[in-house]
Each structure stands twice: as structure tokens, then as C-alpha cells.
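All values reported here derive from a predicted model rather than from experimental measurement. Starting from 1, each residue takes its place in the sequence as its number.
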Amino acid sequence: METHFESNPLLDRLPKHLKQFIKPQVYEDYTPINQAVWRYVMRKNVNYLSKVAHNSYVDGLRQTGIDIENIPNMYGMNRILKEIGWAAVAVDGFIPPNAFMEFQAYNVLVIASDIRQLENIEYTPAPDIIHEGAGHAPIIANPEYAEYLRRFGEIGCKAISSAKDYEIYEAIRLLSILKEAEDADAEEIVRVEKLVDDLQKDTGEPSEMAQIRNLHWWTVEYGLIGTLEDPKIYGAGLLSSIGESAWCMTDNVKKLPYTIESVNQSFDITKPQPQLFVTPDFAHLSLVLEQFANTMALRTGGLSGIKKLIDSKALGTIELSTGLQISGIFTNVIENEGKPVYIQTTGQTALSYREKELVNHGVEYHAEGFGSPIGKLKGINLAIEDMSPRDLRAYDIYEGEEVTLEFEGNIVVKGEIITGSRNLQGEIILISFKNCTVTHGETVLFRPEWGTYDMAVGKKVVSAFSGPADMHSFNMISHVPSSQTIKAKKTPEREALEKMYQTVRDFRENKNTNADLNQILETLKSNYPTDWLLSVEILEVAEKNQLSELKDKTLAHLENLKTKRTDVKHLIEFGIELILESVNA
């Protein structure tokens with residue numbers, strides 16, 4: 001069954017550029033083995049995590065409609081999530097970090113709807129429905145944590161990336177897909193691993209996005225809460241990993257107090273984490289987030305903010321002290337005494353005020369770019385934006401007047417004023433000229449024959465951030481992932497095994513109690529000698545229905561498997577323990 005996006009009104013609020021990442025959840029694509037993997041992980045997690053997870057986790061499973069027995073259906077999840085003010089959408093694996101965080105800002109949980117293969121049951125580097133649905137969803141039932149997640153998305157999606165960040169994203173996405181795929185080329189995995197390592201070892205200055213992704217990783221994904229001596233789990237990566245959730249509780253993993261310093265701690269998604277950070281409570285998470293936000297160009301603006309946008313080579317916005325917002329790809333800044341005195345974009349640019357595009361100042365009008373001086377006039381302490389009508393008249397900044405405006409930093413604007421635009425406070429935010437020449441020393445920045453010159457007004461840049469001010473200004477429907485998740489292969493042998501998994505499931509659910517489970521066990525032993533999970537499920541049915549002969553045969557087979565497959569010995573042992581505990585309880 002495909003996801004019905006209308007099932008939650010929050011999804012209707014999503015902008016088109018986010019909806020492009022959403023894909024249908026085709027529930028019938030989940031196989032009986034997929035369902036068995038979900039059920040095993042969830043039973044193990046709930047059994048273990050009830051002891052070591054934050055108390056919001058078990059309560060949240062119930063509140064968010066996460067069923068231990070069945071992979072969650074997005075339609076059902078949305079119906080229940082609506083009650084706590086959230087929604088969920090299905091996506092294909094990793095999506096770009098800015099988009100992922102912007103979904104959070106809209107109170108929408110992004111869920112990679114694929115599920116890990118049985119071979120990766122303990123941990124997968126690829127996002128999957130176990131990680132997202134069983135990890136992220138339950139904990140957002142805690143209102144304080146949910147607000148942190150929303151606020152994180154709101155701030156995080158404004159973080160400025162570097163050009164290298166997108167390369168790393170694409171490489172990590174590909175690596176996660178290869179590691180989760182069946183029969184992936186080992187040489188290709190090694191090649192992509194080296195590519196990821198090389199990109200991450202680049203000692204360049206980390207971008208804002210790289211730093212805030214670190215914060216996200218050490219809290220939302222791999223966070224611990226409480227004291228260093230007795231921490232509890234709340235991070236989704238730990239909640240969804242039956243291997244790492246136990247490993248992280250041992251002394252092998254160093255526990256550190258969570259502070260803003262964690263922005264500088266990088267991570268490797270393909271390996272268990274050697275250290276984790278412990279927050280005393282959820283309120284502390286928000287405190288650290290605001291500390292970091294205070295360092296971002298979003299709040300500091302200035303020359304450094306413009307330079308970050310130039311380095312990103314991506315669509316971004318600066319906001320001037322008048323509230324005028326300039327969105328485009330920034331390519332140049334002229335500076336003087338540590339301050340920007342002229343900014344330049346190349347290509348489509350839009351001007352906005354309070355996130356709303358100014359009439360006649362969209363990308364069609366500013367198709368070739370936009371340039372403007374910033375700052376005060378030379379020798380005049382009063383900024384243009386602070387001038388009263390009388391002041392403006394005195395300096396000939398008036399409609400119909402020919403004027404020469406010499407700004408600090410040797411930027412000169414000479415032309416005839418056509419008109420000016422003001423903001424709601426009455427400040428001039430834009431002045432349009434005809435027959436205008438703009439120069440910086442001997443360099444001509446604008447010529448009269450280029451048409452009308454629109455000059456932004458603002459004494460300083462108060463903010464710089466990723467993306468446009470008005471999301472409707474640009475066509476942002478452009479996501480084309482370089483790699484697609486790889487589905488499990490369908491072979492006659494696999495389909496026969498899937499059918500046996502389904503038969504055992506039907507027997508357990510009293511839908512087909514006439515099935516010959518002894519024959520299934522024998523077929524397993526001869527045709528699928530390495531499969532262990534179905535034998536665990538057969539043991540559960542045998543124990544529950546007091547089929548002593550089948551139980552003994554299955555236990556003997558599992559003991560044999562433990563010897564042959566030492567890599568899954570602990571998983572088999574837990575399965576046996578859980579069955580005997582639950583049946584005899």
C-alpha cells in the first residue's frame with residue numbers, strides 16, 4: 001500500500017523542494033524475511049533497552065504506534081504521530097543534510113523506508129526503517145526533546161556548507177548503499193572507503209554544516225543522557241543497533257560530558273563509535289545548540305559570512321541591517337578594513353524583505369546577477385538608512401536628482417535617482433538609478449548601458465545563511481541522487497526461503513496451523529545451511545505449542561549453527577533466551 005501523504009496535515013505544509021525527496025512506501029515490497037528481521041530487532045531492543053534507554057523510549061513506542069510484530073506502515077504512523085504534532089515521510093536512503101534538517105524544522109520525521117538485510121541485522125551504515133522508525137520516532141514523544149529536534153532543524157538547515165560537503169555526502173551515500181547491498185564488489189567498496197577517508201582527512205576549515213552535523217550525530221544519533229557513571233540511551237543510532245546499544249554501555253566506549261566542543265569531533269558512520277557524549281538533560285541540548293548558533297553566520301553576518309557563502313558555491317542569502325535580503329550565488333566581495341564594501345552575485349538573484357520577494361525583483365529581473373555597495377558614505381557618520389527625509393534632501397538623495405555617492409572603501413555610485421523603496425519602518429532599503437556608473441578605483445562595476453541599477457541600502461550585513469530568503473523565488477526542484485539504493489535480488493532460492501518464513505509466520509499467528517514445520521526445518525538444514533533466524537522462529541512456535549520433538553530438533557540445529565557460524569552465535573543465543581523467557585514467564 002502506498003503512503004497517503006494527506007494522512008497528516010503537516011505534510012501539506014511542506015514546500016515543493018522538500019516533497020521532491022518523498023517516495024511512496026510500497027508496503028508489499030517488505031518480504032517475510034524483512035518482517036522477521038524487524039521483529040527480532042524490536043524484540044531484542046525492547047527487552048534490552050527497557051533497562052538502559054531513557055524512559056521516554058518505551059513510552060514513545062506506544063505513543064507513536066510502533067508495533068514490535070510488524071514493520072510500521074507510514075499511513076498508520078502518520079495517523080498516530082498527528083496526535084503529538086509530527087508527521088513522517090519515506091525517502092530513499094541518505095538525503096542532503098540541509099533537506100534532512102529542514103524536514104525536522106517542519107516537524108516531519110524522515111524515514112528511509114528500506115530495511116537492512118539479515119546479514120546486517122546488528123548494524124547497517126545505511127539509514128533504514130529500523131533506525132528511523134524504531135530509533136527516532138519513539139523518542140520524539142517526549143515534548144522537550146521534540147522541540148529540540150524541531151529547533152535543530154530550523155537552525156541546521158540555515159548552516160552554510162562547503163563545496164566539499166556535497167562531495168562527502170555523495171560518497172557516504174554510495175558507501176552506505178554498497179555496504180548494505182548483496183554481493184557488492186569488494187574492490188568497489190574499498191575504493192569508495194578510500195574516497196570517503198580522503199575527503200574527510202582534508203584538513204581544511206570545517207564548514208558550519210560539517211560542524212552542526214557533528215552536533216546532530218553526537219546527540220540525535222548517538223547521544224547518551226544522565227551522568228557519566230550511569231548514562232541512558234536516547235540517540236536513534238544506538239536505539240536501533242542491537243550490537244552498538246550493548247557495546248556503548250561498556251567501558252570500551254569513553255563517556256564525555258556534552259559541550260559545544262563536540263562540534264569539532266568528527267565521526268565515521270561505518271564503525272562503532274569510540275567515544276560518546278552524555279548530556280545531563282534534554283534542556284542542556286538546546287543550550288549547546290544556541291551556543292553554536294551564536295557562532296554561525298546566520299547570527300554574525302559580516303565579511304566572514306559572505307566569504308562562507310562564496311566558498312560554498314551554492315545558493316545563499318545575506319540580510320542587511322535594513323532587513324533587505326539578497327539571495328543568489330555569491331561570487332565576489334570587496335573589503336576594506338575588515339568590512340565588506342561591495343557584494344556581487346552571479347546568475348539568478350532575488351531581493352526579499354522578511355522572507356517575501358520584493359515585487360519586480362525576482363530572478364527574471366535579476367537574471368544576470370546583482371551587485372551593490374554596503375556600508376556608510378565616506379565622511380558622513382549618518383548611514384543612508386538612518387537619514388530622515390530632510391537628511392536625504394540635504395544630500396541630494398532624492399527622486400530625479402543626479403547624485404554621486406562615494407562610499408567607504410572607494411566605491412562610487414554616480415547616476416540619476418529614479419525612485420526608492422522603503423521597509424515597514426520607513427527606512428530606505430533600495431534605490432534605483434538610471435544612467436548609472438559604479439566604480440571601485442579604476443575598476444568599473446556597472447555601466448549605464450546595462451540598464452537600471454538597483455542599489456541595496458544597508459550599513460552592514462547582519463546575517464548570512466544557506467538557501468533563499470523566499471523559497472518561492474527559485475526553482476529548487478533539482479534533486480537527482482548520484483546513486484540509488486540496491487534492492488535484494490529475487491531468485492528462485494530466495495523466493496522459496498521467503499515462502500518458508502511466511503509459512504512459519506502464518507503458523508505463529510494461527511493463520512495456517514496445518515503447516516509441516518518439521519519439513520521446513522529439514523529443508524532449511526539441507527538447502528539453507530547458514531540461515532539462522534527462521535530456525536529461531538521455528539523454535540518459538542515449537543515452544544509455544546509444546547511441540548517437543550520439533551523443539552529438540554531445532555535446538556540441536558541451532559547449537560550446530562552456533563559452532564559453524566560464530567559470527568551470529570550471540571544472536572542465536574539471545575533468540576533462544578528470549579523465547580524461553582517469554583514462553584515460561
Are there over 12 heavy-atom neighbours, none belonging to [X], within less than 6.0 Å of that residue's [atom1]?
X	atom1	answer
Lys254	NZ	no
Lys569	NZ	no
Glu187	CD	no

### Query
Taking the six-membered ring for Trp, is the centroid-to-centroid distance between Phe282 and Tyr148 below 6.0 Å?
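Ring centroids of Phe282 and Tyr148 are no less than 6.0 Å from each other.
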### Task
Step through it carefully: locate the ring centre of Trp532, locate the ring centre of Tyr40, and say whether they are under 6.0 Å apart.
yes
Any salt bridge between [X] and [Y], counting N to O under 4.0 Å?
X	Y	value
Arg505	Glu509	yes
Arg39	Glu540	yes
Arg151	Glu147	no

Check for a donor-acceptor pair, side chain of [X] on one end and backbone N or O of [Y] on the other, with a separation under 3.5 Å.
X	Y	result
Lys255	Cys248	yes
Lys544	Ala542	no
Asn545	Val541	yes
Asn45	Leu239	yes
Thr279	His284	no
Trp86	Val108	no
Arg43	Leu578	no
Asn120	Gln117	no
Ser162	Asp165	yes
Thr513	Asn510	no

What are the two closest non-hydrogen atoms of [X] and [Y], and how far apart are they?
X	Y	result
Met74	Ala90	CE-N, 3.1 Å
Ser245	Leu49	CB-CD2, 4.1 Å
Arg116	Ser240	NH1-O, 3.4 Å
Ala87	Asn78	CA-OD1, 3.3 Å
Gly60	Ala141	CA-CB, 3.8 Å
Leu18	Phe103	O-CZ, 3.2 Å

### Task
Please report the C-alpha distance between Tyr501 and Asp506 in whole Å, then the side-chain angles of each, then the deciding distance to 0.1 Å, and finally whether the side-chain hydrogen bond (donor to acceptor under 3.5 Å, both in side chains) criterion is met.
CA-CA 9 Å; Tyr501 266 87; Asp506 289 343; over 6 Å; no
Side chain proximity check, [X] to [Y], heavy atoms < 4.5 angstrom:
X	Y	value
Lys562	Thr566	no
Leu558	Leu561	yes
Val278	Thr227	no
Val220	Leu149	yes
Val263	Ile260	yes
Ser262	Asn214	no
Lys16	Met476	no
Leu10	Lys82	no

### Task
Check the pair Val568, Glu122 against side-chain contact (heavy atoms from CB on, under 4.5 Å), reporting the backbone distance first and the verdict last.
CA-CA 10 Å; Val568 296; Glu122 285 195 276; over 6 Å; no
### Task
Determine, stepwise, if the pair Ser50 / Tyr57 fulfils side-chain hydrogen bond (donor to acceptor under 3.5 Å, both in side chains).
CA-CA 8 Å; Ser50 61; Tyr57 175 73; over 6 Å; no
#### Entry: Residue from Tyr258, Phe267, Phe152 passing ring-ring contact (aromatic ring centres under 6.0 Å, His included) with Trp217
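Of the listed options, the one satisfying the test is Phe267.
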Distance check, rounded to the nearest 0.5 Å: [X] atom [atom1] versus [Y] atom [atom2]?
X	Y	atom1	atom2	answer
Tyr106	Met101	OH	CE	16.0 Å
Ile139	Ile225	CD1	CD1	8.0 Å
Ile111	Ile130	CD1	CD1	12.0 Å
Ser535	Glu559	OG	CD	12.0 Å
Leu224	Trp218	CG	CH2	10.5 Å
Thr554	Glu549	OG1	CD	10.0 Å

Between [X] and [Y], is any side-chain donor less than 3.5 angstrom from a side-chain acceptor?
X	Y	result
Glu244	Tyr222	yes
Glu522	His557	no
His216	Gln104	yes
Gln25	Tyr30	yes
Asn98	Glu102	no
Glu498	Thr31	yes
Asn55	Tyr234	no

### Message
Checking Leu276 against Leu256 for the side-chain contact (heavy atoms from CB on, under 4.5 Å) test, could you report, in this order, the C-alpha distance in whole Å, the side-chain angles of both residues, the deciding distance, and whether it holds?
### Response
CA-CA 6 Å; Leu276 295 173; Leu256 302 169; over 6 Å; no
### Task
List the steps, then state whether side-chain contact (heavy atoms from CB on, under 4.5 Å) holds for Asn70 with Trp38.
CA-CA 7 Å; Asn70 301 285; Trp38 169 272; 5.5 Å; no
### Message
Pair His136, His131 - check side-chain contact (heavy atoms from CB on, under 4.5 Å), show working.
### Response
CA-CA 7 Å; His136 284 293; His131 171 78; 3.4 Å; yes
